[in-house]
Each structure stands twice: as structure tokens, then as C-alpha cells.
Amino acid sequence: MRPEPEGEWVQGWPDRKRARLMPSKDAEGRTVFARTPLDQLEGLITPTDAFYIVTQLTPADPIHPDDYVFSITGLVDRPLELKLSDLQKLPTRTVRAVTECAGDDADWYRWQKGVGKKPSRILRPQVEQGGWNNMSNEGEKPTMEQILEAIPSSGVVSGGEWTGVSLHEVLKRAGVKPEATCVHIIGYDEGRPDPTPLYMSTGRMDIEYVDPGVINYDKALELSKALHEDTILAWAMNGEFLQHVHGAPLRMVVPGWSGNWWVKWIKEIQLLDYTPECYYQNQYFVLGDSPDDPNRKPCKQLGCKSIITYPVDEDSPLPKGEHAIRGLAWSGEGAITRVEVSVDDGKTWQDAHIEQHGDRWLWRRWMFLWEAKQPGKYVIKARATDENGRVQPQQPWNYQQKHFDGITPVDVEII
Ligand SMILES: Nc1nc2c(c(=O)[nH]1)N[C@H]1C(S)=C(S)[C@@H](COP(=O)(O)O)O[C@H]1N2
Ligand SMILES: [Mo]
């Protein structure tokens with residue numbers, strides 16, 4: 001049985017409660033991490049108050065939008081200092097897209113390797129105070145098992161509508177010099193990276209951690225992706241001004257690439273002719289076989305993925321009859337064109353119905369009507385294909401367990 005969700009009732013629905021975040025707060029009471037309860041939501045756009053949150057360093061202090069300025073520096077003809085009102089005079093752009101943290105569903109990699117128990121898509125309340133930050137900073141260090149148990153990996157993905165201007169429009173005004181190859185985006189937030197997420201994602205505590213000291217959150221985006229018209233500087237989300245936790249007054253939106261590229265609280269954008277060392281690009285958020293893999297590379301575009309949001313294991317047993325299996329599918333390289341469902345553990349597959357829409361970066365909802373005639377045990381699977389012909393899964397196991405896009409079976413008993 002599914003556990004009863006906590007929280008308020010939805011007005012007019014005697015049997016439904018509002019989907020809410022599973023937040024974890026730092027010592028100052030700020031929400032620094034939260035997961036989206038995907039199994040409780042409908043539609044394509046995740047309500048802002050149920051949208052996942054990841055904060056790697058100490059959150060930046062809020063800045064009044066009227067006092068906000070950020071600068072464009074480096075290899076440009078005209079260095080700029082821009083206010084929000086300057087940006088609002090440029091042609092605006094709205095992009096609907098999935099944001100997925102590179103570590104979403106990482107637990108499934110472990111499970112595929114036979115380590116740990118099967119991950120659940122039902123969110124459980126997690127460490128209330130401090131998340132991993134508090135667990136590692138206070139008193140005795142927790143064990144890896146305690147951390148993994150306290151902070152499951154699912155639900156670090158949401159769908160949003162982002163409004164702002166194309167970064168390319170802004171760079172045009174600054175005039176990018178021909179030798180520039182890289183756009184270094186720096187956030188206002190500072191801190192010393194906590195190695196615990198690195199230990200969590202690798203499942204090891206013997207990983208060499210090269211302490212970068214106190215840094216600003218930063219990313220070095222290659223020029224071609226930075227110039228894509230859908231890469232935007234956003235000041236609004238889901239029809240309202242950005243909330244502080246989501247990067248107000250201004251953040252990056254980098255559709256198709258994992259969440260760590262979506263720099264929040266933008267302070268400075270530097271044009272460079274080299275790629276600077278960024279902790280969250282070269283140490284953390286890398287794909288490779290091992291920490292000393294000479295070919296390890298930064299996490300960039302997401303693979304091709306579907307998840308089943310109904311039923312989940314906790315819905316079992318289900319009665320004989322018709323059941324609408326449903327879920328979400330997305331890809332880091334464009335629209336989903338096909339979702340197939342298997343109810344016999346992958347022996348046979350049938351096409352699901354996919355909801356069509358025009359937003360290539362946004363996930364698609366899909367459903368499959370299953371007539372469960374015979375009592376027994378079933379394993380339900382789903383796999384997605386994108387417009388580039390990529391079939392789930394794309395991303396092989398990697399030592400930091402990033403960009404999981406494997407098939408996640410649901411176990412159901414029909415009675
Ligand atoms: N400045 C800054 N930007 C950041 C981060 C951060 O810690 N600082 N976290 C990144 C990561 S890892 C993710 S997954 C997304 C999460 O965005 P959200 O909190 O709005 O969902 O923001 C990214 N941008
Ligand atoms: Mo992330």
C-alpha cells in the first residue's frame with residue numbers, strides 16, 4: 001500500500017492532499033535540498049512549490065531586484081554591467097524544459113549492481129536538519145549507509161516554464177571576440193564544497209578529494225551551447241518572478257543539459273579562450289569509469305529516459321482488470337518519439353500512447369492501458385526513444401553514478 005501523503009487537503013477533493021516538497025534545511029533554517037513527488041503530480045509543469053531544489057554551497061543572500069547588477073567581462077568588445085531592467089528591454093524568450101539533477105535516480109545504479117535495496121519512487125521524509133551538510137559537519141561522521149538511507153536519490157527532476165532572454169542576445173550586445181571559446185558563469189553563492197556528495201555518489205569514502213577551498217559556484221559552458229537560442233538567462237519561472245531558492249534575480253536555463261549547468265544567482269559572465277578549472281565540472285559532475293579514468297569528462301546532455309509514475313511497487317497488490325500504466329519520458333537531445341511498455345519483464349513490448357506537444361525540451365506524458373486478466377506477479381518496464389533514435393538506456397554505469405537513464409522495473413501482484 002502507498003503511504004498516506006502528509007499535508008493539506010486539496011480544496012474540493014475529499015480524498016486528495018496537495019503534493020509537497022520533501023525539503024531538507026540547513027542550520028539556519030534555509031531549504032537547501034528538496035525532491036519533487038512525481039507520483040502525486042499531473043500535467044507537464046511542476047508547480048513551483050513542488051519543484052526540486054539543489055544547493056551545493058552556502059545559499060546566496062537574497063538581492064533586491066532593483067539593486068541587482070551582473071557583469072559581462074573578458075573577451076568582449078564592450079564589457080557590460082546589466083540590470084534586470086536592461087535585460088527586459090531585449091527580445092524575451094520563454095522555454096519549457098525538464099531540469100534534472102545529474103544525480104537523479106543514482107540509487108538505481110547501485111541496485112542494478114546488486115547493492116542495496118530496491119529504490120522507491122515514493123518519497124519519504126529525509127534528514128530534516130541540514131541534509132548531508134549537517135550530517136557531515138556535526139558530531140560524528142555518519143557512515144555511507146546512513147547517508148544513503150537518509151537521502152534517497154529519486155525526484156530530483158521537474159518540468160518548468162522559464163522566461164528571460166537568450167544569452168546569445170546579451171552576448172551580441174557585448175560583442176564576443178573571435179578567440180573566445182568558453183562562457184564562464186559565476187554565481188553569487190560561495191562556500192567550500194562538502195566532499196560528502198562525492199562520497200555519496202561514488203558510494204566510497206576513499207575517493208581523492210582535491211579541496212578547492214572557498215569558491216563561488218561556477219560553470220564553464222562551451223560557446224556553441226551558450227549561443228543556442230534556447231539557452232537563456234531567466235528571471236521568471238512558471239509564470240511568476242523567480243523565487244530565491246531557484247536563483248533569483250537571474251539564473252541560467254540550459255535545456256537538455258543536467259541541472260548543474262543551470263547556474264543560479266548569476267554574478268558574472270566571463271568570455272574566455274580556455275576552460276577554467278571548475279570544481280562542479282572537473283571533479284564533481286564527471287562521467288568516467290573511475291576517479292583516474294583519463295577519459296573522464298564533464299556531465300553534459302542527459303540521455304533518454306522514461307519513468308513509471310503509476311503503478312509503483314507500493315500500489316501492489318492490484319485487482320484484476322484494466323489499469324492505466326502511466327509515466328513521463330524525456331531526453332537531453334530533443335523530443336521523445338516513442339515509449340514502449342512491457343508487462344512481462346521485457347520479453348515483449350507494446351507502444352504506449354504519448355501526449356504530443358511542441359516543446360522539444362519538455363518531458364512527455366505517456367500512458368498504456370493494461371488489461372490484467374490473470375492473477376500473478378508481473379514486472380512492468382518502460383523504455384523511451386528520442387527523435388535522434390536514441391533508445392533508453394544511453395548512459396552506462398559511471399563511478400559518480402550520474403545521468404542514470406536505465407530501465408526501472410515496477411513489481412506488481414494482480415489478485
Ligand atoms: N549558483 C548555483 N547554481 C546552481 C547550484 C548551486 O549550488 N549554486 N546547483 C546546481 C544544481 S546541482 C542543480 S541540480 C540545479 C538545481 O536547480 P533548482 O534548485 O532551481 O531546482 O541548480 C544548479 N545551479
Ligand atoms: Mo544537481
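Just so you know, ligand 1 is whichever comes first in the structure, and atom 1 is the first atom listed for that ligand. Positions are given from 1 along the sequence.
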Numbered atoms of ligand 1 (with element) below 4.0 Å of [X], judged on heavy atoms:
{"X": "Thr55", "value": "7 (O)"}
{"X": "Val263", "value": "3 (N), 24 (N)"}
{"X": "Phe51", "value": "21 (O)"}
{"X": "Cys101", "value": "14 (S)"}
{"X": "Trp262", "value": "22 (O), 23 (C), 24 (N)"}
{"X": "His246", "value": "18 (P), 19 (O), 20 (O), 21 (O)"}
{"X": "Asn260", "value": "10 (C), 11 (C), 12 (S), 13 (C)"}
{"X": "Phe285", "value": "12 (S)"}

Worksheet item: Short question: side chain of Ser158, backbone of Tyr52 - any donor-acceptor pair under 3.5 Å?
Response: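 Answer holds: yes.
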- Query: Do the rings of Tyr280 and Phe285 sit parallel, tilted or perpendicular, given the 30° and 60° boundaries?
  - Reply: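 Tyr280 and Phe285: tilted rings.
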| query | Which word best sums up how the rings of Tyr284 and Tyr279 line up, parallel for under 30°, tilted for 30 to 60°, or perpendicular for over 60°? | reply |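 The rings of Tyr284 and Tyr279 lie parallel, inter-plane angle below 30°.
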- Task: Check each of Met252, Gln56, Lys267 against atom 7 (O) of ligand 1 and report the one with the nearest heavy atom.
- Result: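 Of the listed residues, Gln56 has the closest heavy atom.
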Considering Glu190, Met237, Lys264 one by one, which has a heavy atom nearer to atom 19 (O) of ligand 1 than any of the others?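 The nearest heavy atom belongs to Lys264.
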Check if [X] has a non-hydrogen atom at a distance under 4.0 Å from any atom of ligand 1.
{"X": "Arg251", "result": "yes"}
{"X": "Tyr280", "result": "no"}
{"X": "Ile53", "result": "yes"}

Shortest non-hydrogen separation from [X] to [Y] and the atoms involved:
{"X": "Val10", "Y": "Lys17", "value": "CG2-C, 3.6 Å"}
{"X": "Gly159", "Y": "Trp363", "value": "N-CZ2, 3.3 Å"}
{"X": "Ser153", "Y": "Gly103", "value": "CB-O, 3.8 Å"}
{"X": "Ser154", "Y": "Arg35", "value": "O-CD, 3.0 Å"}

Starting from [atom], which protein heavy atom do you reach first, and at what distance in Å?
{"atom": "atom 15 (C) of ligand 1", "answer": "Gly259 O, 3.4 Å"}
{"atom": "atom 21 (O) of ligand 1", "answer": "Tyr52 O, 2.6 Å"}
{"atom": "atom 10 (C) of ligand 1", "answer": "Tyr217 OH, 3.6 Å"}
{"atom": "atom 9 (N) of ligand 1", "answer": "Val54 O, 3.6 Å"}

Next on the checklist: Taking atom NZ as the centre, does Lys83 end up with more than 12 heavy-atom neighbours from other residues, nucleotides or ligands that are less than 6.0 angstrom away?
Outcome noted: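 Open.
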* Asked: Is Tyr310 atom OH crowded by more than 12 heavy atoms from other residues, nucleotides or ligands, each under 6.0 Å away?
  ->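 Yes - once you tally the heavy atoms of other residues, nucleotides and ligands closer than 6.0 Å, there are more than 12.
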Using a strict cut-off of less than 4.0 Å between a Lys/Arg side-chain nitrogen and an Asp/Glu carboxylate oxygen, indicate whether Arg93 and Asp230 qualify as a salt bridge.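 Answer for the salt bridge query: yes.
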| task | For ligand 1, note which part of Asp189 has a heavy atom under 4.0 Å away: side chain, backbone, both or neither. | result |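 For Asp189, only side-chain atoms sit under 4.0 Å from ligand 1.
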Q | Structural part of Tyr188 in contact with ligand 1, heavy atom criterion under 4.0 angstrom | A |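 Contact part for Tyr188 vs ligand 1: neither.
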Have Trp330 and Glu100 got a donor and an acceptor in their side chains that come within less than 3.5 Å?
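Yes, because at least one side-chain N or O of Trp330 sits under 3.5 Å from a partner of the opposite role on Glu100.
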message = Ignoring hydrogens and geometry beyond distance, is a side-chain donor-acceptor pair present between Gln356 and Arg364 at under 3.5 Å?
response =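 There is such a pair between these side chains.
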